[in-house]
Amino acid sequence: MSALNYKHLHYFWVVAKSGGVSKAAERLHLTPQSISGQLGVLEEALATQLFRRVGRTLELTDAGRMVLGYAEEIFVLGEELQEALRQQPASRSMQFRVGIADMVAKSVAYQLLEPAMRIDEKPRLQCREGRLDSLLGELAVHRLDLVIADRPMPSRLNVRGFSHMLGECGLTFLAAPALAAQHNGDFPQLLDGAPLLLPGEDAAVRPKLMRWLDAQRIRPRIVGEFDDSALLNAFGKEGAGIYAVPSTIAELIQTQAGSVLLGHTEAVTEQFYAISTERRLTHPAVLAISEAARLQMFSASV
């Protein structure tokens, strides 16, 4: 079947709604002959008869009634769209669809995205959380405008995208008060033999953390591994183990969780990236995120 001609479908819809070719011709400011000819072209394209003549009137066939149902939805929706555009031009918001990789701390994600909500053309923010590979697939088909991740885009993926580093920071180690009281020696030696919560294998910071612990000859007792940063922090807050958070949000997490600061290191850094389909950032919301990250969140390390 050839591609559907919506102009011809519109003529059919008007004829069916008007009750005949003559009335439709008056409404469309066309000749009856032109309307009849276009209906014939549509029937040929659809390979089905839409009207049958009964005396001097036209009557829809079964196929015609089905086509009319679809045409009704199509053109009524089109009229609603035009009306919405006419009546509410000022209320339309720019859509800003962001994917957030699982291992990016939620407080970091908020601090990164919050500046986008303060630009003049305030966007309607849509956030989606998931595994990085899945989010990059959504980015590739333009279902997302941006992905916030803890690593640049993997080279193994056949996805067109560009990684823009937002900043990096060290790690701060926290523990619930009761657990902290049991491990109050010098840092980082106090981690030796202590229960430790680790980010999952997908986290970019994990291998760097493990290499650092090994270099310090520290052997913690791994009691949990988590693919989601919020779940890791929740277990840490409840005293299941010592946990590390990005230093840029350590004070906030410490206050919220009531945890105790054990120490921090700059020898292990966590990085954050904005991945987009733009080589040069132009989206106003993304520009706001990039500038705020550089000047505020990571100004000491970028």
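Quantities reported herein were computed from a predicted structural model and do not represent experimental measurements. Residue numbers count from 1 along this sequence.
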Side chains of [X] and [Y]: closer than 4.5 Å at any heavy-atom pair?
| X | Y | answer |
| --- | --- | --- |
| Arg52 | Leu58 | no |
| Pro220 | Ile222 | yes |
| Ser276 | Asp145 | no |
| Val67 | Leu9 | yes |

Go through Ile148 and Leu112 one step at a time and tell me if the side chain to side chain contact (heavy atoms under 4.5 Å, CB included) criterion holds.
-> CA-CA 9 Å; Ile148 301 292; Leu112 286 171; 3.9 Å; yes
If you draw a 6.0 Å radius around [atom1] in [X], do more than 12 non-hydrogen atoms from other residues or ligands fall strictly inside?
| X | atom1 | value |
| --- | --- | --- |
| Glu291 | CD | no |
| Arg118 | CZ | yes |
| Glu251 | CD | no |
| His264 | NE2 | no |

Let me check something: do [X] and [Y] share a hydrophobic cluster, defined by ILVMFWY side-chain heavy atoms less than 4.5 Å apart, either directly or through other members?
| X | Y | answer |
| --- | --- | --- |
| Trp212 | Leu190 | yes |
| Leu196 | Leu232 | no |
| Met103 | Ile100 | no |
| Leu39 | Ile74 | yes |
| Leu252 | Phe272 | no |

Does the ring center of Phe173 lie less than 6.0 Å from the ring center of Phe187?
->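 Ring-ring flag for Phe173/Phe187: true, centres closer than 6.0 Å.
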Could you tell me whether Phe75 and Tyr6 have their ring centroids closer than 6.0 angstrom?
->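 When the ring centroids of Phe75 and Tyr6 are compared, they turn out to be at least 6.0 Å apart.
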Spatial distance of atom [atom1] ([X]) from atom [atom2] ([Y]) [nearest 0.5 Å]:
| X | Y | atom1 | atom2 | answer |
| --- | --- | --- | --- | --- |
| Met153 | His164 | CE | NE2 | 10.0 Å |
| Trp13 | Glu72 | CH2 | CD | 6.0 Å |
| Gln111 | Ile289 | CD | CD1 | 13.0 Å |
| Leu28 | His10 | CG | NE2 | 6.5 Å |
| Leu198 | Ile242 | CG | CD1 | 11.5 Å |
| Leu136 | Leu144 | CG | CG | 9.0 Å |

Under the criterion side-chain contact (heavy atoms from CB on, under 4.5 Å), which of Asp228, Val205, Asp150 is the partner of Pro199?
->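 That would be Val205; it is the only one of Asp228, Val205, Asp150 passing the side-chain contact (heavy atoms from CB on, under 4.5 Å) with Pro199.
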[X] versus [Y], closest heavy-atom pair with distance:
| X | Y | result |
| --- | --- | --- |
| Ala250 | Leu174 | O-CD1, 4.4 Å |
| Leu135 | Val147 | O-CG2, 3.9 Å |
| Ala176 | Gly239 | CB-CA, 3.6 Å |
| Val223 | Ala240 | CG2-O, 3.5 Å |
| Cys169 | Pro246 | SG-CB, 3.7 Å |
| Ser163 | Ile275 | OG-CG1, 4.0 Å |

Step by step, work out the side chain to side chain contact (heavy atoms under 4.5 Å, CB included) result for Leu4 and Leu46.
-> CA-CA 8 Å; Leu4 181 62; Leu46 296 178; 4.0 Å; yes
Does any N or O in the side chain of [X] come within less than 3.5 Å of the main-chain N or O of [Y], such that one atom is a donor and the other an acceptor?
| X | Y | answer |
| --- | --- | --- |
| Glu168 | Glu270 | no |
| Thr172 | Val245 | no |
| Asp186 | Gln189 | no |
| Ser34 | Leu30 | no |
| Ser229 | Val104 | yes |
| Asp192 | Ile218 | no |
| Arg65 | Leu60 | yes |
| Ser247 | Gly170 | yes |
| Ser18 | Gly20 | no |

Ignoring hydrogens and angles, state whether a donor on the side chain of Ser259 or Lys237 is under 3.5 Å from an acceptor on the partner side chain.
->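 No pair is found: no donor N or O on one side chain lies under 3.5 Å from an acceptor on the other.
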Does the side chain of Gln271 pick up a donor-acceptor pair with the side chain of Tyr273 at under 3.5 Å?
-> yes
Considering only NZ, NE, NH1 and NH2 on the basic side and carboxylate oxygens on the acidic side, decide whether Arg97 and Glu138 come within less than 4.0 Å.
->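 No, Arg97 and Glu138 are not salt-bridged.
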Side chain to side chain contact (heavy atoms under 4.5 Å, CB included) assessment of Leu287 paired with Ile119 = CA-CA 10 Å; Leu287 287 173; Ile119 62 177; over 6 Å; no
Whether Phe235 and Phe226 hold their rings parallel, tilted or perpendicular, with breakpoints at 30° and 60° =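 It falls in the tilted class, 30° to 60°.
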If a pair satisfies salt bridge (charged side-chain N to carboxylate O under 4.0 Å, His left out) and one of its residues is in residues 195-211, list it, with sequence neighbours excluded.
-> Arg131-Asp202, Arg206-Glu225
Is there a side chain to side chain contact (heavy atoms under 4.5 Å, CB included) between Leu139 and Thr277 once you walk through the steps?
-> CA-CA 7 Å; Leu139 180 71; Thr277 55; 4.0 Å; yes
